[in-house]
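Hydrogens, waters and symmetry mates play no part in the numbers below; they use all other heavy atoms, side chains included. Please read these numbers as outputs of a predicted model, since none were measured by experiment.
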Amino acid sequence: MRDRRVVLSWAGFTLTAMVSVALVWRREDRLSDLHIYVGALTDLRAGRPLYEYVADNGGPFTYPPFAALVLWPVTAASESVVQVTWLAMTCAAVAAIAVPVGRVLVSERSRRPLVTAAVATALMLSAPVQSNLRFGQVSIFIVLLALLDGMGVLPPRLRGVLVGVAAAIKLTPLLFVVYFLATGRFRDAGRAAGTFLACAGLAAAVLPTESWTYWTAAVRQTSRIGNLASLGNQSLHGMLLRIGVDATSLPLIWAGLVAVICTVALLRARQLAAHGRPGHAAVLVGCATVTASPVSWTHHQVWPVLAAMLLIGASGVARRVAGVVLLVAMVVSLGAVLAPVSMRPGVQFLFENARALGVCVLCLAGFGGMAVLATRTDRRPPLRRVWLRGGVAATAALALLAAQPLPAGADPTFKAYTLDDLDNPRYFFACRGPVQCASYGTDAPVTFAMRSEKTKVRVNGVVSPRVTRLEYHSAPGGAPRVIPLLAAYPGSRTFSFRSATMVHGRLVAYGADGRPVATYEEELAAVLPGGRS
């Protein structure tokens, strides 16, 4: 009976993987990051600079030069063959990650295959793994290498090597070197650092120009990766950008918070390792890399999914509930699903940043120190009090944040269009051409139309001669956004802008005396992204 359950469980994983791959294959933009790897390395083989490559979708090659050596085989076959191979390898990596996690969750050998299959299926359904499949990302392989090394699965003489290789491909696993030092694994730390330097040295010997470009310039240009304030970047840095922290204060605030979070996470990881829980320790350090990195796109966030599973498999109702909440946040995009019921900007902010907040809470008060205390039977009464106090404090902090109005700068989707964008029908759809704009205007101060898309709402219209300034407030409080009034055609002025949602939006028109002549709120709130109203 147990063997049948195991077979059925792995059959469920296989079916989930096949459906996921089929859905990815149907997309026109499938494996877009893999396309960047192929294009950049093809250019490199032709003698063109690696870090000057820009794909059709605007994406550059952002990894260290050693990654180019590792990815070199993707140019050896047609891109369709590479895509099929990459998808199969991604699914295999998911199954490989589930094996050590299943071992951590259960000690009985007879139950491990069943639990491993369940972990693999849950991983496959999570947003980070789906994102790895969709974009053709290397992140899933980085997690596998760091997890195996962090847990000490390898033979003693090889421990640290995989972390060094992973860090040479993508820099974030370097935090595991600090973890090795904190836990007294000095030889592992030395092997990891030595492997990293050896890989970087090999890349410098083979690709000297690209290595110089990367380590002297490209490594610091995080803006090359994309809009870091977008909701996909669920790192602490991205969340601070969405809050609206000014550029002057941001580096200091971010560095201070990262130092605190990583220090606490590493100390608790050391406690976990000392109490015979290397799997929990490795996952905790992995979660710290997600929080600390300036850029943590969805495909980077496999670590929090693993943490959620470990919490669900732990003893105690509080930890299991916390694990379920974190797993739901990692599977479902709460910001999109719950947008219609978020009555305040602060509530919507919590939904949209649920993953970043969840990982921060996990690093500071998750299964780290709490799990260590749980192993001591004589400390159970204090543990209950700690959970109660921590739960009350966390609830109060989240409630306070949810009740706060966010500044207008917290809308990363906002953009006001200029004359350079006038020819784009997606941006200027209501007022196009002098005849249409002249007939579109009325005696009202502002006449506009709205168009709803999946993740944003666009507004395009005209203003009357008595309007001298137009401002948009995306949320209560904070500085307003000035909307350019474009004298595109004789006798009329048009404008166009977009925002993530208009639920809390307010459009204000001002006259020559600086006083408001019209305010529009209810008209904006009637439309939500994706056509919901």
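- A donor-acceptor pair under 3.5 Å is formed between the side chain of S296 and the backbone N or O of V290.
- In this structure, S293 contributes its side chain and T289 its backbone to no donor-acceptor pair below 3.5 Å.
- Atom CZ of R498 sits about 14.0 Å away from atom CZ of R451, to the nearest 0.5 Å.
- Under the 3.5 Å distance criterion, the side-chain polar atoms of R506 are left unmatched by any main-chain donor or acceptor of H473.
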Legend entry - side chain to side chain contact (heavy atoms under 4.5 Å, CB included) evaluation trace for I97 with I140: CA-CA 9 Å; I97 290 173; I140 191 72; 3.6 Å; yes
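- With H275 contributing its side chain and Q271 its backbone, the two residues share a donor-acceptor pair below 3.5 Å.
- One side chain, S20 or Q130, offers a donor N or O that lies under 3.5 Å from an acceptor on the other.
- The CZ atom of R30 sits 12.5 Å away from atom CG of L23, with the distance rounded to the nearest 0.5 Å.
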Legend entry - T291/V258 under side chain to side chain contact (heavy atoms under 4.5 Å, CB included): CA gap, chis, key distance, verdict: CA-CA 8 Å; T291 300; V258 165; 5.9 Å; no
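- Panel note: side chain T263, backbone A259; a donor-acceptor pair is recorded below 3.5 Å.
- Between the side chains of R458 and Y417, at least one donor-acceptor pair of N or O atoms lies under 3.5 Å.
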Side-chain donor-acceptor contacts of residues 159-178 below 3.5 Å, not counting sequence neighbours, with atom names and distances?
residue: R159; atom: NE; partner: G152; partner atom: O; Å: 3.3
residue: R159; atom: NE; partner: L154; partner atom: O; Å: 2.7
residue: R159; atom: NH2; partner: G152; partner atom: O; Å: 2.9
residue: R159; atom: NH2; partner: L154; partner atom: O; Å: 3.2
residue: K170; atom: NZ; partner: Q137; partner atom: OE1; Å: 3.4
residue: K170; atom: NZ; partner: S139; partner atom: OG; Å: 2.9
residue: K170; atom: NZ; partner: H300; partner atom: NE2; Å: 2.9

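- How far CZ of R481 is from CG of L507: 13.5 Å, rounded to the nearest 0.5 Å.
- In this structure, D188 contributes its side chain and R185 its backbone to no donor-acceptor pair below 3.5 Å.
- To the nearest 0.5 Å, the span separating OG on S496 from NZ on K415 amounts to 10.0 Å.
- One finds the CZ atom of R270 at 11.5 Å from the CG atom of L181 (value rounded to the nearest 0.5 Å).
- Screening L326, V328, L327 for a side-chain contact (heavy atoms from CB on, under 4.5 Å) involving V324 leaves a single residue, V328.
- For the residue pair I312 and G323, the shortest heavy atom distance occurs at CG1-C, 3.7 Å.
- Between R320 and L311 there is no side-chain heavy-atom pair separated by less than 4.5 Å.
- Across all their heavy atoms, W254 and A292 have their closest contact at CZ2-O, 3.2 Å.
- The CH2 atom of W303 sits 5.0 Å away from atom CG of L147, with the distance rounded to the nearest 0.5 Å.
- A centroid separation of 6.0 Å or more is found between the aromatic rings of F61 and Y53.
- Remark: side-chain polar atoms of T183 are paired, donor with acceptor, to backbone N or O of F180 under 3.5 angstrom.
- Formation of a donor-acceptor pair under 3.5 Å by the N233 side chain with backbone atoms of P294 is found in this model.
- When every heavy atom of G12 is checked against every heavy atom of T121, the shortest pair comes out as C-OG1, 4.3 Å.
- Taking the six-membered ring for Trp and the full ring otherwise, the centers of Y63 and Y37 sit less than 6.0 Å from each other.
- Listed for the S126 side chain is a donor-acceptor partner under 3.5 Å among the backbone atoms of L123.
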Legend entry - Audit row: R268, L284, side chain to side chain contact (heavy atoms under 4.5 Å, CB included) steps and yes/no: CA-CA 8 Å; R268 291 183 175 177; L284 185 60; 3.9 Å; yes
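- Aromatic rings of W86 and F141 (six-membered ring for Trp) have centroids within the 6.0 Å cut-off, being under it.
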Inset, instruction - Evaluate salt bridge (Lys or Arg N to Asp or Glu O under 4.0 Å) for R134 paired with D33, printing each intermediate quantity in order. - result: CA-CA 9 Å; R134 173 186 170 186; D33 285 355; over 6 Å; no
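- Among all heavy-atom pairs drawn from R355 and A329, the shortest one is NE-O, 2.8 Å.
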